[in-house]
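Right, one structure below, let's go through it.
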Amino acid sequence: MVNPMEKIRIEHLSIRYSDGTESLRDICLSIPANQITVLFGPAGGGKSTLLRALNRLNDLADVQEVSGQILFNGVNILDPGVNVVNLRRKIGMVFSRPVVLPLSIYQNVSYGLELMGERRKSKLDEAVERALRRAALWDEVYDRLKDPASAISGGQQQRLCLARVLALEPEVILLDEPTSALDPVSTARIEGLMQEIKEQYTIVWVPHNVQQAARMADYAAFFLQGELVEHGPGETLFVKPRDQRTQDYVTGRFG
Amino acid sequence: MERSLTSARIQQRIGFSLLGLVTFATVLPVLLIIGFIIVKGAPAISWEFLTAMPRNGMRDGGILPAIIGTFYLTLGTAIFSVPLGIAAAIYISEYAPDNFLTRLIRIAIINLAGIPSVVYGLFGLGLFVLFLRLGTSILAASLTLSIMTLPVIISTAEEALRSVPQAFRTVSISLGATRWQTIWRIVLPQAMPGIITGIILGLERAAGETAPILFTGAAFFLPRLPQSPFDATMALPYHIFVISTSVPGMPIQIQYGTVLVLLVFVLGMNLIATLIRQRARARRQW
């Protein structure tokens, strides 16, 4: 039954906040492995809520009610018995603002590993270098790894945030409008980078505009006010959407 | 047009001058007190004054036991109030759910800070000295001062913890940290300068208080230094009270000298707190 290409399957997921704001209604969606899946749509549609449900970050928010299932490698991650710490290591997240931890560049990358109890300097050095190289940041920071992470530029900080996730060797990377605070050059770097590494990971991306959605999507899902309107391969969804609302949004009639 | 502009400018100048004057008026008493005490007290300060026992019914000699006593009391207060205060602040800021009980606790803490110090003194007398049978001792006085200091430490520490951006916590958790790991590795180090400032300000108040130690641990005069936490002790604030009211023929410069020593002790702590705060502000990355 399980599709080998399918990494995450969301079944009838509904989420409601206690104040009744942004919510999701009966979402069913299959997220393919080794591709970029884009969740897009106007603000307040529930994209970020869905993203944060995938690594249980909603646990921190005021969520009143969750129903349905999210199957990751065949296990329902919404199950209260799930080890969320392990889950978050396998499903990493990059946020919309490049929030570097108030530590050095090196420590930002080694942070997740040290939490796991890794103390061996050689292992950490190796992992930090590998992650920074994969995030295309090594050449810019290798000679100042001990500097505070806040000293590098915004674009570099966001790549550092990516490196920090990559250091944990995750299976899935969630990106919540990762380039909304970046200039076009830095944005292009992140986009190019994700295209390069997507084959080794499963990427779920909430873009901050339709253009980016269209550029990045191997697979796309359109959300409107908590409802999944339609989903499909990027090339068909952006060119020939089935639903009029998708059509209107993609062509810029509203949004 | 030109005229109204000029008059507006004059108004502004008068306004600013008035504000400046009022500001100066609030600072003036502080400067006067400090200046007055320094001028009057400095001649009394000598090596002997700081390191000798009092002689001749405290009219002569030094104030060593009072200095040592205040040091012990401050230290004792720190031992109890710092770990408790930080733990309570962490609980309230990081763990406690935002409900009626938590709000009640927070209000209680704020109100605790407003209780007159003599009430703490009587409370300490009842609970520590009599009920727990600690007697009038450094221990009982330190515990009493701790209770008085706790609200200051808790509320400043809570404030410092809260000022650490929420995003750090979210990021840390998203990288697989538990809540406690996040607090220990990220939040606490960032809040530390603010917490330390609060601790020093709280202890400074404890060091200068008379009423809470009056019934719980302070002695009028002791011929020797305290040997254990269960001994009573002399202390600077109470000593000042004693030598200004209860010792006939007390040389005036000993009184001023003692006040000066207490003032230096307390303002010195204040200075350290300010320096820590400034250093942390310069280093902060957010």
Side-chain angles (χ1 to χ4, degrees), chain A residues 18 48 51-52 54-62 83-105 107-118 131 147-152 157 160-161 163-170 173-176, chain B residues 86 89-103 106 157-198 276-286:
Chain A
S18 0
S48 287
L51 210 58
R52 282 159 186 261
L54 296 180
N55 67 349
R56 290 273 301 267
L57 222 49
N58 277 337
D59 291 8
L60 306 179
D62 213 0
N83 180 338
V84 285
V85 166
N86 278 341
L87 176 74
R88 289 177 186 141
R89 284 174 187 147
K90 289 197 190 114
I91 304 186
M93 185 152 192
V94 176
F95 298 85
S96 60
R97 302 214 145 260
V99 178
V100 294
L101 295 170
L103 305 166
S104 71
I105 295 172
Q107 290 168 319
N108 258 276
V109 185
S110 67
Y111 185 73
L113 295 167
E114 286 179 46
L115 293 175
M116 292 170 73
E118 183 59 71
D147 286 7
S150 55
I152 58 181
Q157 286 186 13
L160 182 62
C161 293
R164 170 170 87 181
V165 168
L166 293 177
L168 290 167
E169 307 277 350
I173 302 171
L174 312 174
L175 300 118
D176 189 2
Chain B
I86 294 180
I90 289 176
Y91 176 74
I92 294 172
S93 144
E94 307 292 322
Y95 286 102
D98 185 25
N99 58 22
F100 178 71
L101 188 69
T102 309
R103 280 194 289 270
R106 198 171 283 137
E158 193 200 338
E159 194 57 44
L161 290 166
R162 266 174 208 284
S163 72
V164 177
Q166 196 58 38
F168 290 163
R169 297 179 178 83
T170 311
V171 163
S172 172
I173 299 248
S174 81
L175 290 168
T178 59
R179 265 210 225 194
W180 176 247
Q181 284 175 318
T182 301
I183 291 166
W184 185 249
R185 288 168 179 260
I186 304 290
V187 180
L188 214 46
Q190 292 300 306
M192 217 20 125
I195 295 176
I196 291 174
T197 306
I276 289 173
R277 201 164 29 197
Q278 272 177 356
R279 247 181 79 123
R281 204 170 286 165
R283 277 181 168 193
R284 184 147 66 187
Q285 296 161 21
W286 36 275

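Letters A, B, ... are given to chains in the order of the sequence lines, protein chains preceding strands, and every chain is numbered from 1.
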Go through the steps for B:Val171 and A:Arg164 under the test side-chain contact (heavy atoms from CB on, under 4.5 Å), then give the verdict. CA-CA 10 Å; B:Val171 163; A:Arg164 170 170 87 181; 3.3 Å; yes
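Sorted by first and then second residue, the pairs that involve residues 90-99 of chain B and meet salt bridge (charged side-chain N to carboxylate O under 4.0 Å, His left out), not counting sequence neighbours, are B:Glu94-B:Arg169, B:Asp98-B:Arg103.
For CZ of A:Arg97, the number of neighbouring non-hydrogen atoms (other residues, nucleotides, ligands) closer than 6.0 Å is 12 at most.
Here the CG atom belonging to B:Leu175 is positioned 6.0 Å from the CG atom belonging to A:Leu168, to the nearest 0.5 angstrom.
In this structure, the side-chain hydrogen bond (donor to acceptor under 3.5 Å, both in side chains) partners of A:Glu114, at least two apart in sequence or on a different chain, are A:Ser110.
The closest side-chain heavy-atom distance from B:Thr178 to A:Leu115 is not below 4.5 Å.
B:Gln181 and A:Tyr111 make their closest contact through O-OH, 4.2 Å (heavy atoms, listed as atom of the first residue, atom of the second, distance).
Neither the backbone nor the side chain of A:Arg56 comes within contact range of chain B; no heavy atoms are under 4.5 Å apart. Residue A:Val100 touches chain B through its backbone alone, counting heavy-atom pairs closer than 4.5 Å.
Screening A:Asn55, A:Asp59, A:Leu60, A:Val85 against B:Ile173 for a side chain to side chain contact (heavy atoms under 4.5 Å, CB included) leaves a single residue, A:Leu60.
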